[in-house]
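Please read the structure below before turning to the comments.
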Amino acid sequence: MIKLSIPHLAGNEKKYVDEAVESTWIVPLGPFVDEFEYRLGDYLHHKDVVALSAGTAAIHLGLVMAGVKAGDEVICQSLTFSASCNPIVYLGASPVLVDSEPETWNMSPSFLEEAIISRKKATGRYPAAIVVVHLYGMPARMDEIMAIASRYGIAVVEDAAEALGSEFDGKKCGTIGDYGVLSFNGNKIITTSGGGALICPDKTAAERVKFLSTQARENRPYYYHTTIGYNYRLSNVSAAIGCAQIEELPDRVKRRRCIHGLYSELLAGAEWVTVHDEPSQRFRSNFWLSTVSFDKSVVGRTPDEIRMLLLERGIETRLIWRPMHMQPVFADAPYYGGGCSDGIFENGLCLPSGTTLSDDDIAQVAEALKECLAK
Ligand SMILES: *Cc1c(COP(=O)(O)O)cnc(C)c1O
């Protein structure tokens with residue numbers, strides 16, 4: 001079976017986990033958490049990173065830090081995984097969904113601005129925050145999005161859960177917005193088995209996030225609380241796995257980019273399939289997943305039919321995230337857009353992209369894809 005993307009052990013996981021267990025630091029917090037944060041900061045060229053129990057927790061706390069409160073509206077990219085959007089609702093706020101643009105598949109700057117102006121007209125207030133996503137590792141148009149956000153004084157939470165190692169204009173994704181989110185879930189580019197991180201603007205903010213994520217316990221001899229806390233800190237054992245994984249991160253990014261290059265080469269002759277690529281050199285994707293879209297008028301099969309044909313040949317692919325404005329749970333959310341994300345969902349497919357796959361595996365996928373489309 002050629003899988004979509006499975007965890008890839010780096011070498012030192014067992015050694016570090018053994019160390020964590022032997023030192024009896026098997027509780028949340030401990031030296032590996034500090035070390036993992038240090039290594040992440042080093043990689044990102046940005047010190048103020050807080051390790052958390054999940055990417056979803058990081059989005060939740062990023063929105064808290066951005067000042068989102070019950071009754072607020074928060075703008076979210078529609079084409080994403082539901083975890084980008086759900087924490088808005090945890091806070092009693094409501095999502096406003098914005099379409100993508102065709103080159104990056106990420107938030108359309110023009111629909112973003114339309115949404116901001118329209119919500120101000122409809123509610124008398126600007127949305128409290130913007131959640132922008134770097135889908136499948138492809139950087140969003142962060143220059144335009146940050147310019148619009150600052151024009152209206154709105155905080156940006158950058159969901160870089162899929163984009164660790166991606167860059168826009170030479171800056172690491174996750175360090176461009178006011179807050180940045182990483183995920184170390186099992187199928188992401190590196191994993192801690194489960195975990196995430198919030199990239200903060202400065203040390204004060206990072207200290208506040210550490211405080212909130214450890215039950216908001218004030219520095220007193222007894223438990224004393226002046227604010228609502230969360231149990232969102234990463235465990236020392238998970239962080240030990242992360243320390244080993246991050247040692248291999250530069251190689252992992254190289255390999256995913258190489259896999260994308262292979263698909264581009266192998267599928268170049270087939271005009272009914274387009275390998276999704278970077279719009280220009282300003283965008284540098286980690287290509288967490290290589291994605292393609294089909295020319296429906298030629299192919300005559302839906303991506304799901306193609307997915308099932310490939311599955312029969314032992315190849316696992318995955319449909320594109322179904323946009324949030326097409327989800328029953330967000331049916332009441334205002335939506336600003338055309339048909340861009342709908343079209344990507346209806347015509348796209350994610351190909352096996354894990355770093356455990358060989359060049360032969362990738363060639364086999366490309367060959368099978370061509371055969372499925374030819375018949
Ligand atoms: C994986 C993912 C998340 C959530 O991360 P978890 O660590 O699984 O909570 C959020 N947003 C996007 C776009 C993701 O792909």
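What you see is a predicted model, and the numbers here were worked out from it, not measured in a lab. We count ligands from 1, going down the list as the structure has it; atoms in each ligand are counted the same way. Side chains included, hydrogens not; waters and symmetry mates left out as well; all remaining heavy atoms used.
Between Pro7 and Thr356 the shortest heavy-atom distance is O-CG2, 4.1 Å.
Screening residues 174-212 for ring-ring contact (aromatic ring centres under 6.0 Å, His included), with sequence neighbours left out, gives Phe36-Phe184.
Aromatic rings of His325 and Phe330 (six-membered ring for Trp) have centroids beyond the 6.0 Å cut-off, not under it.
Salt bridge Arg255/Asp359: present, at least one basic N to carboxylate O contact under 4.0 Å.
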May I have every N or O pair linking ligand 1 to the protein at under 3.5 Å, one per line with atom names and distance?
{"from": "ligand 1", "atom 1": "5 (O)", "to": "Ser183", "atom 2": "OG", "distance (Å)": "3.3"}
{"from": "ligand 1", "atom 1": "7 (O)", "to": "Gly55", "atom 2": "N", "distance (Å)": "2.8"}
{"from": "ligand 1", "atom 1": "7 (O)", "to": "Ser183", "atom 2": "OG", "distance (Å)": "2.7"}
{"from": "ligand 1", "atom 1": "8 (O)", "to": "Asn185", "atom 2": "ND2", "distance (Å)": "2.8"}
{"from": "ligand 1", "atom 1": "9 (O)", "to": "Gly55", "atom 2": "N", "distance (Å)": "3.3"}
{"from": "ligand 1", "atom 1": "9 (O)", "to": "Thr56", "atom 2": "N", "distance (Å)": "2.9"}
{"from": "ligand 1", "atom 1": "9 (O)", "to": "Thr56", "atom 2": "OG1", "distance (Å)": "2.5"}
{"from": "ligand 1", "atom 1": "11 (N)", "to": "Asp159", "atom 2": "OD1", "distance (Å)": "3.4"}
{"from": "ligand 1", "atom 1": "11 (N)", "to": "Asp159", "atom 2": "OD2", "distance (Å)": "2.8"}
{"from": "ligand 1", "atom 1": "15 (O)", "to": "Glu162", "atom 2": "OE2", "distance (Å)": "2.5"}
{"from": "ligand 1", "atom 1": "15 (O)", "to": "Lys188", "atom 2": "NZ", "distance (Å)": "3.2"}

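Cation-pi geometry between Arg217 and Tyr223 is met: under 6.0 angstrom from the ring centre, within 45 degrees of the axis.
For the pair Ser166 and Met138, the minimum side-chain heavy-atom distance is 4.5 Å or more.
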